[in-house]
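Order of the sequence lines fixes the chain letters, A, B, ..., with proteins taken first and strands second; residue numbering starts at 1 for each chain. Atoms considered below: every heavy atom in the structure, side chains included; atoms not considered: hydrogens, waters and symmetry mates. Please read all numbers here as calculations on a predicted model, not as lab measurements.
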There are 2 protein chains.
Amino acid sequence: MNIGVASEKSGLPAKTIRYYEDIGLLHPARTDNGYRDYSTADIHRLRFLQRSRSLGFSVDECRQLLSLYQDRERDSADVKAIAKAKLVEIDRKIAELVGLRGLLHHLVSHCHGDERPECPIIDELAGQGVAQ
Amino acid sequence: MNIGVASEKSGLPAKTIRYYEDIGLLHPARTDNGYRDYSTADIHRLRFLQRSRSLGFSVDECRQLLSLYQDRERDSADVKAIAKAKLVEIDRKIAELVGLRGLLHHLVSHCHGDERPECPIIDELAGQGVAQ
DNA sequence: GTTGACCTTCCATCTACTGGAAGGTCTATT
DNA sequence: AATAGACCTTCCAGTAGATGGAAGGTCAAC
């Protein structure tokens, strides 16, 4: 399978697939003309990467998950540990964004948004604000 | 004021302050020995940058906000527009993370997390899962 | 035989810094 | 006066995770 087909089947751009090969996440065969030749197993790996990346795992975490995926002797505990750590991280990010959202919303709702220069958003950013 | 003092007063690392100068966000004076010399106005700008960055604005948005901050003729509507766009972006990010969190939580809670290889997390990543 | 789609490598670019090397300057102490 | 240590300077490289583009090779169809 050429890279174009692999791209279509995995949902990853060809550029990204080459990049993943560069950083050692897969090693497709080559045909005589030098083109990359993807096996069905390669496609599985690519789809696995696409899914785990879109779930928010870093490329390095994907590397670990991929090796667990390919390890028939794996302990599910190892996978669970990575996923739980990611969950904690996501929770932290959500909390941070919700905090930001609250402050920003407060500022936006107190700004007239007209042609006058007075602006509580600028005041806050300048350290003259009321919020927080 | 030397960069060390500016760093302390603004809450930004010296490295970051030099970087902000590199990308044209401020232009401190220099003393005879070549050291950067920060005025009180520079410190205000740095604090403004520190606050707006920590509120989630990109450096480019900070550049816009900073020029509005320094523009006594500004329309508060311009500031509000930037802040509202950021609010929409933050809402989108939160929604995405909450979705991720739900799926990941579901997977984690269905994984035994023991020494057996069976793992619904891996199954999902491989496209064999039940979730979604 | 030539067009156009596809493939190759390599190099540059993006965001927002951060780390480190090599070297100049300032202040205090001996 | 010498020296130690803290501070400052510039410059270059690296981080994550791709993405864009140039220059050129290959393949299938007409």
message = A side-chain contact here means heavy atoms from C-beta on lying under 4.5 Å apart; do P117(A) and E73(B) qualify?
response = no
query = Looking only at heavy atoms, which two atoms of Y69(A) and R74(A) are closest? And how far apart?
reply = O-NH1, 3.4 Å
ask   = Of K15(A), R36(A), R45(A), which meets salt bridge (charged side-chain N to carboxylate O under 4.0 Å, His left out) against E21(A)?
value = R36(A)
query = To the nearest Å, how far apart are E61(A) CD and dA16(D) C1'?
reply = 12 Å
ask   = Can you find a pair of side-chain heavy atoms, one from R116(B) and one from D75(A), that are under 4.5 Å apart?
value = no
query = Rounded to whole angstrom units, what separation is found between the CG atom of D22(B) and the P atom of dT15(C)?
reply = 14 Å
query = Can you find a donor-acceptor pair, distance only, under 3.5 Å between K15(B) side chain and dG20(C) base?
reply = yes
request  = Would you kindly give the CD-to-P distance between Q50(B) and dC17(C), to the nearest whole Å?
outcome  = 10 Å
task = May I ask you to verify if any side-chain N or O of R36(B) is less than 4.0 angstrom from the OP1 or OP2 atom of dT10(D)?
result = yes
query = Which nucleotide sits closest to the side chain of V59(B): dA16(C), dT8(C), dC7(C)?
reply = dA16(C)
message = Closest-nucleotide mapping onto DNA chain C: is N33(B) or R53(B) further toward the 5' terminus? I mean the 5' end.
response = R53(B)
task = Whole angstrom is fine here: how far is it from CG in N2(A) over to P in dC27(D)?
result = 10 Å
query = With a non-hydrogen cut-off below 4.0 angstrom, is I23(A) in contact with a base, only sugar-phosphate, or nothing?
reply = nothing
note = Regarding the side chain of S58(A), the nearest nucleotide among dG17(D), dC8(D), dC7(C) is dG17(D)
note = Y19(A) has its side chain closest, among dC8(D), dC26(C), dA18(D), to dA18(D)
ask   = Which nucleotide, dC17(C), dA18(D), dT8(C), lies nearest any side-chain atom of Y20(B)?
value = dC17(C)
Distance in angstrom units between L12(A) CG and dG17(D) P, rounded = 14 Å
query = OP1, OP2 of dA16(C) versus side-chain N and O of R18(B): anything below 4.0 Å?
reply = no
query = Quick one: are I23(B) and V59(B) in side-chain contact, heavy atoms under 4.5 Å?
reply = yes
ask   = Where each residue is assigned the nucleotide of DNA chain D containing its nearest heavy atom, which of F57(A) and V5(B) is assigned the position nearer the 5′ end?
value = V5(B)
query = Can you tell me if the side-chain N/O atoms of T16(A) get under 4.0 Å from OP1 or OP2 in dT19(D)?
reply = yes
query = Closest to the Y35(A) side chain: dT10(D), dC17(C), dT26(D)?
reply = dT26(D)
note = Rounded to whole Å, the CD-P distance (E21(B) to dC11(D)) equals 12 Å
ask   = Roughly, in whole Å, what's the span from CD1 in I3(B) to C1' in dT18(C)?
value = 14 Å
ask   = Roughly, in whole Å, what's the span from CG in D60(A) to P in dG17(D)?
value = 8 Å
